[in-house]
Amino acid sequence: MLRSCTAGLRSLWALRGRREGAPRLSADLQPARRLFSTEKAVHKDWALPNPSWSKDLKLLFDQFMKKCEDGSWERLPSCKHTCTYKSEDFKTYFLDPQLVEGEGLSQAQLFTRGFEDGLGFEYVIFNNNDEKRTVCLFQGGPYLQGIPGFLHGGAIATMIDVAFGSCAAISGGAVMTANLNINFKRPVPLCSVVVIHSQLDKLEGRKLFVSCNVRSVDEKTLYSEATGLFIKLDPKKSST
Ligand SMILES: CCCCC/C=C\C/C=C\C/C=C\C/C=C\CCCC(=O)SCCNC(=O)CCNC(=O)[C@H](O)C(C)(C)COP(=O)(O)OP(=O)(O)OC[C@H]1O[C@@H](n2cnc3c(N)ncnc32)[C@H](O)[C@@H]1OP(=O)(O)O
């Protein structure tokens with residue numbers, strides 16, 4: 001495992017910076033377009049295959065892209081910088097305007113997209129709107145190591161939070177994590193692919209209750225189970 005990861009690391013370095021061009025979204029992806037506003041069309045979509053993706057990840061990606069063809073599933077695009085979902089609202093309601101106008105945010109980027117290709121979080125999220133659930137395909141790279149050879153629990157928690165956030169945002173719009181509860185059942189091998197199945201269990205006023213499980217590609221290994229509470233942000237309230 002470690003040897004293959006080292007080899008993988010070498011090839012990842014060789015591949016740094018190379019990304020496949022983002023194909024045009026098909027018509028059935030329009031809801032995702034609406035969710036993630038296209039206020040800055042120049043923003044690159046990172047939820048697409050790149051050369052660091054393993055065979056497993058590419059295979060699963062292709063399978064889910066097929067499921068998108070009838071419109072039951074949609075791939076959620078992912079931007080690196082101002083993940084543009086209603087960011088204007090977010091700025092207006094929750095951030096100090098001086099910070100927004102000034103230099104403070106100029107270097108801001110989504111935590112999970114801040115690594116070079118293949119070294120950190122490689123993932124794509126698919127949404128099934130009718131069933132109120134998402135599937136996140138995640139390959140955790142060598143910079144996410146905790147115990148040697150395995151993913152750091154914080155990296156798994158981060159990915160669960162992102163998967164939950166997307167699942168909750170589908171129904172709740174602008175949401176924030178209020179509670180995350182994770183049971184780590186088996187360590188996740190570094191550089192392997194896991195599948196995070198999330199679902200909205202209950203919507204109660206501004207509260208969105210979600211749950212997920214993290215499994216191996218063959219579904220035989222249950223790595224983690226988690227529940228989360230997300231709160232739909234109240235525009236009349238300030239975050240500070
Ligand atoms: C961060 C960006 C969010 C905006 C963008 C949204 C979506 C983005 C789109 C797609 C997502 C894509 C990628 C996602 C990427 C990353 C996700 C990362 C998410 C985060 O990284 S996010 C950072 C960590 N997160 C925080 O930093 C939150 C700090 N926190 C607060 O800012 C407040 O705490 C807040 C706003 C949560 C609530 O505040 P509030 O004033 O609006 O609401 P209030 O307190 O009144 O609670 C209302 C009802 O929720 C119950 N309630 C509240 N908290 C509870 C708890 N912990 N346990 C049990 N019940 C709880 C109350 O008991 C009441 O219940 P009831 O109505 O029954 O009385």
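Both ligands and their constituent atoms are indexed starting at 1 by order of listing. Small disclaimer: the values here were computed from a predicted structure and weren't measured. When reading the values below, keep in mind they use all heavy atoms of this one structure, side chains included, and skip hydrogens, waters and symmetry mates.
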*asked:* Test your reading of the model: is there a side-chain donor-acceptor pair from Asn183 to the backbone of Ser224, 3.5 Å cut-off?
replied: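 Looks like no, no N/O pair under 3.5 Å.
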*Would you say Ser166 contacts ligand 1, with heavy atoms under 4.0 Å as the rule?*
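Right, Ser166 reaches ligand 1.
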*Do any nitrogen or oxygen atoms of Ala178 come within less than 3.5 Å of a nitrogen or oxygen of ligand 1?*
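Yes, Ala178 has an N/O under 3.5 Å of an N/O on ligand 1.
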*Counting heavy atoms only, name the option from Met159, Arg113, Lys207, Arg206 that's nearest to atom 51 (C) of ligand 1.*
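Ranked by closest heavy atom to atom 51 (C) of ligand 1, first place is Lys207.
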*Nearest neighbour of atom 15 (C) of ligand 1 from the list Ile160, Val162, Leu76, Ile170, on a heavy-atom basis*: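 Comparing heavy atoms across Ile160, Val162, Leu76, Ile170, the nearest one to atom 15 (C) of ligand 1 lies in Val162.
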*Please say whether the positively charged group of Lys67, taken as NZ for Lys or CZ for Arg, lies over the ring of Phe64, i.e. under 6.0 angstrom from the six-membered ring centre and within 45 degrees of the axis.*
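Positive - Lys67 is close enough to the ring of Phe64 and near enough to its axis.
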_Tell me whether the NZ or CZ atom of Arg206 lies within the 45° cone about the ring axis of Phe230 and under 6.0 Å from its centre._
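Because its charged atom misses either the 6.0 Å distance or the 45° angle limit, Arg206 does not stack over Phe230.
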_Checking contacts here: is it the side chain or the backbone of Thr177 that comes within 4.0 Å of ligand 1, counting heavy atoms only? Could be both or neither._
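Answer for Thr177: both.
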*Heavy-atom contacts under 4.0 Å between Thr112 and ligand 1: side chain, backbone, both, or neither?*
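Near ligand 1, Thr112 shows nothing, with every heavy atom at 4.0 Å or more.
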Closer than 4.0 Å to some heavy atom of [X] - which atoms of ligand 1 meet that?
X	answer
Asp161	18 (C), 19 (C), 20 (C), 21 (O)
Leu233	36 (C)
Val175	3 (C), 4 (C), 6 (C)
Leu229	55 (C), 56 (C), 58 (N), 59 (C), 60 (N), 61 (C)

*Does any non-hydrogen side-chain atom of Val124 lie less than 4.5 Å from one of Leu48?*
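No - every pair of side-chain heavy atoms lies 4.5 Å or more apart.
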*Restricting to pairs with a member in residues 124-135, which pass side chain to side chain donor-acceptor pair (under 3.5 Å), not counting sequence neighbours?*
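For residues 124-135, and leaving out neighbouring residues, the side chain to side chain donor-acceptor pair (under 3.5 Å) pairs sorted by first residue read Glu74-Asn127, Glu131-Arg133.
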*side chain to side chain donor-acceptor pair (under 3.5 Å) partner of Ser211, the single match among Asp201, Asn181, Thr227*: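 Option passing the side chain to side chain donor-acceptor pair (under 3.5 Å) with Ser211: Asp201.
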*Between Leu200 and Ser171, which heavy-atom pair has the shortest distance, and what is it?*
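That would be CD2-OG, 3.4 Å.
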